Structure formats: C-alpha cells, structure tokens
Amino acid sequence: MYKVLVVEDEALIRKGLIYSINWADFDCNVVAEANNGSEGVQKIKEHHPDIVLVDINMPIMNGFEMIKETTEEFNYSAIIVSGYNEFDYAKQAIRFGVSEYLLKPVDHEELRNALRRAIEQIEMRKSYLFQISKKEEITENNVLNEKLLLLTDKSVTVAQMIQYIQENYQKKIVMYDLVEKLQCSATLLNNKFKTETGTTFNDYLNRYRILIAVEMIKDKQYPIYRIAEMTGFKNYKYFNIVFNKYIGCSPKDFEKATY
C-alpha cells in the first residue's frame with residue numbers, strides 16, 4: 001500500500017483533498033497531513049511517504065523548499081497543488097522531478113489521474129532499484145523465493161484486512177474477528193498492518209468510516225444520527241469526536257457548509 005502525505009496550509013482545502021476520493025481504490029492511504037513545509041519535512045522523516053501532495057505557497061517553508069530538502073533522501077513522488085498557473089513554477093516543478101502539477105480548485109478526476117501517474121513513477125523506480133540490487137548482490141534462488149513469499153503473504157493478509165473493513169465498516173469490528181478469519185495473532189496482524197499502511201488498523205477503520213460519512217452528508221439523504229449508525233458508530237457523541245478529529249469541524253457544521 002502506498003503511503004500518502006498531504007501538505008497544505010489551508011485547512012479546508014487540505015481536508016477536501018484527503019476526503020474527496022476513496023484512497024483505497026488506488027491502494028493508497030493518507031498517513032499524515034501538514035499545514036506548512038517545515039511541518040511537512042518532519043512528517044516526511046517520520047512516515048517515509050511514497051506520494052506527497054503539496055501546495056507551493058505556504059508559511060514558514062514553501063513547497064519547493066520542502067521538496068528540495070527531502071526528495072533525494074526519501075525518494076517520493078510529489079504532486080504539486082497550486083493556485084498559480086505560472087511558467088516559472090512549472091519549470092521548477094520539472095527541475096525537482098515533480099510527477100504532476102495540479103491547479104486549484106483541484107478536479108477530482110485530474111487528481112485520480114495524477115495518482116495513477118505517481119504510482120507508475122514509483123513502480124518504475126522500484127523496478128530500476130531492484131534490477132540494480134540484483135546485479136550487485138549474489139543471492140541463492142531459494143533465499144530470493146523465500147523473501148518473495150514473505151512479501152506476498154504480507155500483502156495478501158493486509159489486503160484481506162482492508163477488504164474486511166470495506167465490507168463490514170457499518171458493523172462493530174473487533175480484531176478477534178480477523179484473528180479467527182486469517183489465523184494470525186492480533187499482535188502479528190496489527191504489526192503487519194502498521195508496517196504496510198503506515199497507520200494502525202483502528203485509525204484506518206475510523207478514517208474509512210469518516211470518508212463514507214462525508215459522502216453521505218453531502219448526499220443529504222439521511223440525518224446525521226442515522227449516518228453515524230450506518231457508518232458503524234453506535235455512539236453519536238463518539239462519532240462527533242472522531243469526525244471533528246479528522247475533518248476539523250462537527251458533522252453539523254460540515255452539513256451546513258455543504259448547502
């Protein structure tokens with residue numbers, strides 16, 4: 001799973017980017033967000049993202065300065081999100097190897113296409129590095145096969161956990177259900193999930209539920225208390241706390257803003 005960081009100083013735009021698409025469709029997960037370039041540098045060092053969505057004009061440190069400071073060491077694909085359609089910015093983006101340059105307001109389909117291209121860039125880079133390492137290291141075939149089997153096992157297990165969330169998010173989910181289903185200990189499952197997605201199982205579950213809740217509030221078909229129940233939150237007060245944590249406002253305030 002590809003880890004994504006969103007760096008944008010305007011909170012509404014940042015939350016809009018995070019909750020405008022279903023990241024799981026692209027095998028991606030937003031592991032962190034930052035509101036300026038300096039904080040972005042810290043998050044990059046902490047989370048080692050594969051893809052970074054970043055604004056250019058931000059306080060303290062701008063997007064290009066952040067990319068310049070981190071891209072060589074951490075080797076991620078950057079997608080610029082800017083309100084300025086200027087040639088000089090485009091030239092700098094090319095110089096820094098930015099995979100895509102999107103203009104605000106961001107079109108959701110353009111963002112999806114940018115993610116596909118960023119993922120292609122990541123896979124090409126991985127393939128190149130793999131070929132280099134293969135030439136430099138002399139490894140027995142059985143050892144290579146064993147490593148590949150371990151990698152495959154990890155990916156399948158985590159994919160099953162994500163599928164379980166997507167199919168059962170409206171119900172009460174406890175790790176013991178997956179322990180029985182996947183025949184692994186809770187500790188092993190939690191460690192695998194955190195290693196591959198960059199977030200805990202519970203954090204991913206809550207983010208996914210809030211993503212669904214956001215879309216349902218926009219549709220305006222159900223009252224908020226029903227949406228809380230339909231997305232797996234049996235306690236309305238807890239739903240409000242979790243929603244505010246990820247979106248930055250209450251569900252009612254978000255509902256008013258969508259009218």
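All of these numbers come straight from a predicted model, not from anything done at the bench.
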Where do Ile165 and Tyr204 come nearest, in terms of heavy atoms and distance?
CD1-CD2, 3.6 Å
Are Ser77 and Asp50 close enough that a side-chain donor and a side-chain acceptor fall under 3.5 Å?
no
So does Ile241 have more than 12 non-hydrogen atoms from other groups sitting under 6.0 Å from CD1?
yes
Just verifying a value: how many Å separate Asn22 CG and Gln166 CD, rounded to the nearest 0.5 Å?
6.0 Å
For residues Lys194 and Asn191, is any side-chain donor paired with an opposing acceptor at under 3.5 Å?
no
Taking atom CD1 of Ile227 and atom NZ of Lys220, what is their separation to the nearest 0.5 Å?
10.0 Å
Should we say atom CD of Glu72 is surrounded by more than 12 heavy atoms from elsewhere, each under 6.0 Å from it?
no
Could you tell me whether the side chain of Trp23 and the main chain of Ile18 form a donor-acceptor pair under 3.5 Å?
yes
When rounded to the nearest 0.5 Å, the distance separating CG of Leu5 from CD1 of Ile44 is 5.5 Å
Search all heavy atoms of His108 against all heavy atoms of Ser20 and return the closest pair with its distance.
NE2-CB, 3.4 Å
Could you check Arg207 against Asp203 for salt bridge (charged side-chain N to carboxylate O under 4.0 Å, His left out), going step by step and ending with a plain yes or no?
CA-CA 6 Å; Arg207 282 182 180 273; Asp203 182 60; 3.3 Å; yes
Can you hop from Ile162 to Leu188 via hydrophobic side chains spaced under 4.5 Å?
no
Does the side chain of Thr187 come under 3.5 Å of the side chain of Asn190 through a donor N or O and an acceptor N or O?
no
Quick one, Ile210 and Val242 - any side-chain contact, counting heavy atoms below 4.5 Å?
yes
For the atom pair CE (Met1) and OG1 (Thr199), what is the distance rounded to the nearest 0.5 Å?
8.0 Å
For the pair Val81 and Lys104, evaluate side-chain contact (heavy atoms from CB on, under 4.5 Å) and give the outcome as yes or no after the intermediate values.
CA-CA 7 Å; Val81 178; Lys104 298 177 183 177; 3.8 Å; yes
Is there a side-chain contact (heavy atoms from CB on, under 4.5 Å) between Lys172 and Val174 once you walk through the steps?
CA-CA 7 Å; Lys172 181 181 179 180; Val174 293; 3.9 Å; yes
With heavy-atom distances below 4.5 Å as the criterion, would you say the side chains of Leu53 and Leu111 are in contact?
yes
All heavy atoms of Ile60 vs all of Ser38, minimum pair found to be CG2-CB, 3.6 Å
Decide yes or no for Glu123 and Tyr2: does some side-chain heavy atom of the first lie under 4.5 Å from some side-chain heavy atom of the second?
yes
Compare all side-chain heavy atoms of Tyr246 with those of Asn206 and state whether any distance is below 4.5 angstrom.
yes
Sub-3.5 Å donor-acceptor pair from the side chain of Asp107 to the main-chain atoms of Glu109, do we have one?
yes
Provide the closest heavy-atom pair for Val179 versus Ala186 in the form atom of the first, atom of the second, distance.
CG2-N, 3.6 Å
Option from Phe243, Tyr225, Phe239 for which ring-ring contact (aromatic ring centres under 6.0 Å, His included) with Phe233 holds:
Phe239
Asn36 versus Pro59, closest heavy-atom pair with distance:
CB-O, 3.3 Å
Begin from the C-alpha positions of Met230 and Gln170 and carry the test side-chain contact (heavy atoms from CB on, under 4.5 Å) through to its verdict.
CA-CA 5 Å; Met230 294 166 72; Gln170 62 272 66; 5.7 Å; no
Side chain to side chain, Leu115 and Ile79, heavy atoms closer than 4.5 Å:
yes
Are any of the side-chain heavy atoms of Leu178 and Phe201 separated by less than 4.5 Å?
yes
Considering residues, nucleotides and ligands other than Lys234, do more than 12 of their heavy atoms fall under 6.0 Å from its NZ?
yes
Any donor-acceptor pair under 3.5 Å from Thr71 side chain to Lys68 backbone
no
Least distance between heavy atoms, Cys28 atom then Ile51 atom:
SG-CD1, 4.2 Å
In the structure I gave you, are the side-chain heavy atoms of Val4 and Val52 within less than 4.5 Å of one another anywhere?
no
Evaluation steps, side-chain contact (heavy atoms from CB on, under 4.5 Å), between Asn29 and Lys3
CA-CA 5 Å; Asn29 182 39; Lys3 294 184 287 185; 5.9 Å; no
Would you indicate whether Tyr222, at its atom OH, is surrounded by more than 12 heavy atoms from other residues, nucleotides or ligands within a distance under 6.0 Å?
no
Please answer: with hydrophobic residues joined when any side-chain heavy atoms are less than 4.5 Å apart, are Leu12 and Ile21 in the same cluster?
no
If you define the side chain from C-beta out and look only at heavy atoms, does anything of Val54 sit under 4.5 Å from Ile80?
yes
Does the pair Glu255/Lys252 count as a salt bridge with the N-to-O cut at 4.0 Å?
no
Positive for side chain to side chain contact (heavy atoms under 4.5 Å, CB included) with Arg209, one of Leu211, Ile212, Leu205:
Leu205
Salt bridge Arg226-Glu229, side-chain N to carboxylate O under 4.0 Å
yes
Asp219 side chain vs Gln221 backbone, donor-acceptor pair below 3.5 Å:
no
Under 4.0 Å between a side-chain nitrogen and a carboxylate oxygen: does that hold for Glu215 and Lys218?
yes
Side-chain donor/acceptor of Glu8 to backbone N/O of Glu10, under 3.5 Å
yes
Would Gln121 and Tyr76 satisfy side chain to side chain donor-acceptor pair (under 3.5 Å), going step by step from the backbone distance to the final call?
CA-CA 9 Å; Gln121 187 182 71; Tyr76 54 83; over 6 Å; no
Asn244 side chain to Cys249 main-chain N or O, any donor-acceptor pair under 3.5 Å?
yes
With hydrophobic residues grouped by side-chain heavy-atom distances under 4.5 Å, do Val31 and Phe26 end up in a single group?
no
Quick one: does Glu180's side chain have a donor or acceptor within less than 3.5 Å of a partner on Asp177's backbone?
no
Rounded to the nearest 0.5 Å, the CD atom of Gln183 sits from the CG atom of Leu189 at a distance of 10.5 Å
Ion pair Arg116/Glu100, N-O distance below 4.0 Å:
no
Using modelled atom types only, decide if a donor and an acceptor are shared between the side chain of Asn168 and the backbone of Tyr164 within a distance under 3.5 Å.
yes
Supply the atom-to-atom distance Met58 CE to Asn35 CG, rounded to the nearest 0.5 angstrom.
9.0 Å
One pair to check against side chain to side chain donor-acceptor pair (under 3.5 Å): Asn57 and Ser82. What are the steps and the verdict?
CA-CA 8 Å; Asn57 291 298; Ser82 174; 5.2 Å; no
Please, which pairs that meet salt bridge (Lys or Arg N to Asp or Glu O under 4.0 Å) have at least one residue in residues 33-47, sequence neighbours excluded?
Arg14-Glu33, Lys15-Glu33
